A.B. asks: 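Sharing a structure here in structure tokens format.
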Amino acid sequence: MAHVTVEGAEVVVRLGLREGLTTRRRQVRVPVSALREVRVEKSWWRVLRGRAGHGTWSPGRCSGVRSRPDGEDFVAVKAESTVLCLELDAGAPYRRVAVSVPDPERAERAVRAAMPESEAPEPPDPPAGPPSDPPQHRPPLQHEGGTADDHGRPPGVTSRTGSGPGQPPLDDARALRANADRVRREHVLRRPHRPDGREDT
């Protein structure tokens, strides 16, 4: 199996004897700055993508380089194993490095600790224009547990349009505005017609 370590600014994948003979190399190095994601894949066959290139692609063991339109993947995995998967930027030697390792969770923590922390997004700028007025909070109505009436008036506050005893004079301007859109109809009481055409007296 392969072993993954972090050495300075690089992630180093040291291959086992069999993987090294198959791929004709002893190790793979990728810069930490090129890491986009590191994860553990429990289904080893899910990391295989693209077209198989140089390497060994037997049913129980896959080692070598696979080609894709956007780059190449390096894999060294075997069946029934958990795989450490490194996703890399376009400028890296490979777009993905996927290897079976003895302790993938531990290797994942080590690689993740070396990854640069992503900068927190800046808050969006406030919308342009004059500052909006603060929201007006009305007092709770009676059915909400408060003491205000249906018009939002606290106890003791008189109506602006009322003219009853103890109330201020009628607010003519407000009354006219309230009645401006009302449709008034005259109601005329007519006597019913009798079948013989004569009106009741």
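Sequential numbering from 1 along the given sequence is applied to the chain's residues. Note: hydrogens, waters and symmetry copies are ignored here, and every other heavy atom, side chains too, is used. As the structure is a prediction and not an experimental result, all values here were calculated from the model.
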A.B. asks: Check step by step if side chain to side chain contact (heavy atoms under 4.5 Å, CB included) holds for R96 and R49.
C.D. replies: CA-CA 10 Å; R96 171 184 289 177; R49 61 182 186 176; 3.5 Å; yes
A.B. asks: Is the count of non-hydrogen atoms from other residues, nucleotides or ligands lying under 6.0 Å from R29 atom CZ greater than 12?
C.D. replies: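 It does: R29 CZ has more than 12 such atoms within range.
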A.B. asks: For residues V4 and A107, report the shortest heavy-atom separation together with the two atoms involved.
C.D. replies: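 Nearest pair, atom of V4 first, then A107: CB-CB, 4.4 Å.
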A.B. asks: Are V32 and Y94 linked, directly or through intermediate hydrophobic residues, by side-chain heavy-atom contacts shorter than 4.5 Å (ILVMFWY only)?
C.D. replies: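 Per the 4.5 Å side-chain linkage, Y94 and V32 are co-clustered.
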A.B. asks: Cluster question for you: counting only ILVMFWY and a side-chain heavy-atom cut-off of under 4.5 Å, with indirect links fine, are M1 and L84 together?
C.D. replies: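 The answer is no; the residues belong to distinct hydrophobic clusters.
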A.B. asks: Should L15 and L48 be counted in the same cluster of Ile, Leu, Val, Met, Phe, Trp and Tyr side chains packed under 4.5 Å apart?
C.D. replies: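 Each belongs to a different hydrophobic cluster.
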A.B. asks: Under the salt bridge (charged side-chain N to carboxylate O under 4.0 Å, His left out) test, which residues partner E80, sequence neighbours left out?
C.D. replies: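 For E80 there are no salt bridge (charged side-chain N to carboxylate O under 4.0 Å, His left out) partners, ignoring immediate neighbours.
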A.B. asks: Tell me which pairs pass salt bridge (Lys or Arg N to Asp or Glu O under 4.0 Å) where either residue lies in residues 97-107, with sequence neighbours left out.
C.D. replies: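 Non-adjacent pairs meeting salt bridge (Lys or Arg N to Asp or Glu O under 4.0 Å): K42-E105.
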A.B. asks: Tell me the closest heavy-atom pair linking P31 and P93, and the distance in Å.
C.D. replies: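 Smallest heavy-atom distance, with atoms named: CD-CD, 4.3 Å.
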A.B. asks: Check the hydrophobic clustering (I, L, V, M, F, W, Y; side-chain heavy atoms under 4.5 Å; chains of links allowed) and say if W57 and W45 are grouped together.
C.D. replies: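 Yes, W57 and W45 fall within the same hydrophobic cluster.
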A.B. asks: What distance do Q27 atom CD and E7 atom CD have between them, rounded to the nearest 0.5 Å?
C.D. replies: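 With rounding to 0.5 Å, CD (Q27) is 7.5 Å from CD (E7).
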A.B. asks: Using residues 33-41 as the side-chain source, report each donor-acceptor pair under 3.5 Å to any protein atom, sequence neighbours left out, with the distance given to one decimal.
C.D. replies:
residue	atom	partner	partner atom	Å
R36	NE	L88	O	3.2
R39	NH1	E41	OE1	3.2
R39	NH2	E87	OE2	3.3
E41	OE2	S43	N	3.1

A.B. asks: Which heavy atom in S67 sits nearest to a heavy atom in E72, and how many Å separate them?
C.D. replies: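 Closest heavy-atom pair between S67 and E72: OG-OE2, 4.1 Å.
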A.B. asks: S81 and W44: which non-hydrogen atoms are nearest, and at how many Å?
C.D. replies: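 Looking at all heavy atoms of both residues, the closest pair is O-CB, 3.6 Å.
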A.B. asks: Using atom types as modelled and distance alone, determine if a side-chain donor or acceptor of R66 lies under 3.5 Å from a backbone N or O of V75.
C.D. replies: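 No, the answer is negative, given that no donor and acceptor are paired below the 3.5 Å cut-off.
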A.B. asks: Between S63 and T23, is there a donor-acceptor pair closer than 3.5 Å when you use the side chain of the first and the backbone of the second?
C.D. replies: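 Judged by distance alone, no pair lies under 3.5 Å.
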A.B. asks: For R26, is the CZ atom crowded, meaning more than 12 foreign heavy atoms sit under 6.0 Å from it?
C.D. replies: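 Atom CZ in R26 is not crowded, with 12 or fewer foreign heavy atoms closer than 6.0 Å.
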A.B. asks: Of all the heavy-atom pairs spanning T82 and P104, show the shortest one and how long it is.
C.D. replies: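 What the structure gives for the nearest pair is CG2-CG, 3.5 Å.
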A.B. asks: Which heavy atom of G71 sits nearest a heavy atom of R95, and at what distance?
C.D. replies: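 So the minimum-distance heavy-atom pair works out to CA-CG, 3.9 Å.
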A.B. asks: Can you hop from V77 to F74 via hydrophobic side chains spaced under 4.5 Å?
C.D. replies: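 V77 and F74: separate clusters.
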